[in-house]
Amino acid sequence: ELDEDDESVESTTAWSKDVVRFPEVVTNANLVLEETLEILASTIDREGAVIHRSPLAPVAVQSSHLRRILQNLVGNALKFRSEDSPVIRIGCSEDADHVCFTVEDNGIGISEEDQERIFEMFTRVHDGQSFPGTGIGLAAAKNLVGSYGGEIEVESTLGSGSCFRF
């Protein structure tokens, strides 16, 4: 038998679970990408980056979440550049059940042994002098993608760029 306090705790717990659910919205990923590139425009110009964009599919996520993921990935592609001007390709593929976004660059790449570690909170694989940062961005992206039941992965060769898929 529940007393009044137990019922209160139970109803508050149920309410909090409802609040953290994301509303079902369909986000125009092309618009979110445009906003993301506007946010990064000064860095894109300063680095002389070339951005190749393919049309992106609409996706059932909060636009702020998609923007944060794209901003982390494109921002990293600009930061971890090689001697060449950055070339970044952004696109997606889809099937009946899934949309897979890709962000590919011609940067410095990631060693095979670091490809899992880069998604851990506060993990940095480069020194803070050459590449400033906190080690939070990719962990946050992984958490956001995971909150929708998705996964994020990287395919990379040291010295040859990286391709992130989520």
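Values in this document were obtained by computation on a predicted structure and should not be read as measured data.
- Legend: residues meeting side-chain hydrogen bond (donor to acceptor under 3.5 Å, both in side chains) with E151, ordered by chain and number and at least two apart, are absent.
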(request) Could you go through the side chain to side chain contact (heavy atoms under 4.5 Å, CB included) check for D105 and V87 one step at a time? (result) CA-CA 6 Å; D105 65 58; V87 177; over 6 Å; no

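- A continuous path of ILVMFWY side-chain contacts below 4.5 Å connects Y148 to L138, so both sit in one hydrophobic cluster.
- The salt bridge (Lys or Arg N to Asp or Glu O under 4.0 Å) contacts involving residues 55-66 comprise nothing, where partners must be two or more places apart or lie in separate chains.
- Side chains of L158 and I108 form no contact here, defined as non-hydrogen atoms less than 4.5 Å apart.
- Distance check, rounded to the nearest 0.5 Å: CD of E34 to CG of N28 gives 10.5 Å.
- Rounding to the nearest 0.5 Å places CG of L78 at 6.5 Å from OG1 of T43.
- Residue I152 is grouped with residue L70 when hydrophobic side chains (ILVMFWY) are merged at heavy-atom distances under 4.5 angstrom, including chains of intermediate members.
- Taking each heavy atom of A57 and C92 in turn, the nearest pair found is N-SG, 3.2 Å.
- Atom CG of L56 and atom CD of E94 lie 10.0 Å apart (nearest 0.5 Å).
- The side chain to side chain contact (heavy atoms under 4.5 Å, CB included) check on D95 picks up D97, H98, with sequence neighbours excluded.
- Counting heavy atoms from C-beta outward, F101 and V59 have side chains that approach closer than 4.5 Å.
- With rounding to the nearest 0.5 Å, the separation of OG in S147 from NZ in K142 is 13.0 Å.
- For R165, the side-chain hydrogen bond (donor to acceptor under 3.5 Å, both in side chains) criterion is met by E155, not counting sequence neighbours.
- A 4.5 Å side-chain heavy-atom check between R53 and L37 finds at least one atom pair inside the cut-off.
- N72 and G137 get closest at one heavy-atom pair: ND2-O, 3.2 Å.
- Under the side chain to side chain contact (heavy atoms under 4.5 Å, CB included) rule, F166 has a single partner from V99, L66, T102, L144, which is L66.
- For E47, the side-chain hydrogen bond (donor to acceptor under 3.5 Å, both in side chains) partners two or more places apart in sequence, or in a different chain, are R81.
- Among residues two or more places apart in sequence or in another chain, the side-chain hydrogen bond (donor to acceptor under 3.5 Å, both in side chains) test is passed with R89 by none.
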(message) Could you walk me through whether V50 and I88 satisfy the side chain to side chain contact (heavy atoms under 4.5 Å, CB included) test, starting with their C-alpha distance in whole Å, then the side-chain angles of each, then the deciding distance to 0.1 Å, before giving a yes or no?
(response) CA-CA 6 Å; V50 176; I88 303 167; over 6 Å; no

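- Under the 3.5 Å distance criterion, the side-chain polar atoms of T27 are matched with a main-chain donor or acceptor of V61.
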(request) Please assess I39 against Q71 for the test side chain to side chain contact (heavy atoms under 4.5 Å, CB included), listing each intermediate value before the final yes or no. (result) CA-CA 8 Å; I39 292 167; Q71 190 171 346; 3.4 Å; yes

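- Minimum interatomic distance between S156 and S162 (heavy atoms only, all atoms of both residues): OG-OG, 2.9 Å.
- Residues satisfying the side chain to side chain contact (heavy atoms under 4.5 Å, CB included) test with D45, not counting sequence neighbours, are none.
- Considering all non-hydrogen atoms of both residues, L40 and G75 come closest at CD1-N, 3.9 Å.
- Residues forming a side chain to side chain contact (heavy atoms under 4.5 Å, CB included) with S64 (at least two apart in sequence, or on another chain): Q62, R67.
- Under a hydrophobic clustering in which Ile, Leu, Val, Met, Phe, Trp and Tyr are joined whenever their side-chain heavy atoms come within less than 4.5 Å, directly or via other members, I51 and F164 fall into the same cluster.
- Here the shortest heavy-atom pairing between G91 and S54 reads CA-CB, 4.0 Å.
- Looking only at distances, a side-chain donor or acceptor of N106 sits under 3.5 Å from a matching main-chain atom of S85.
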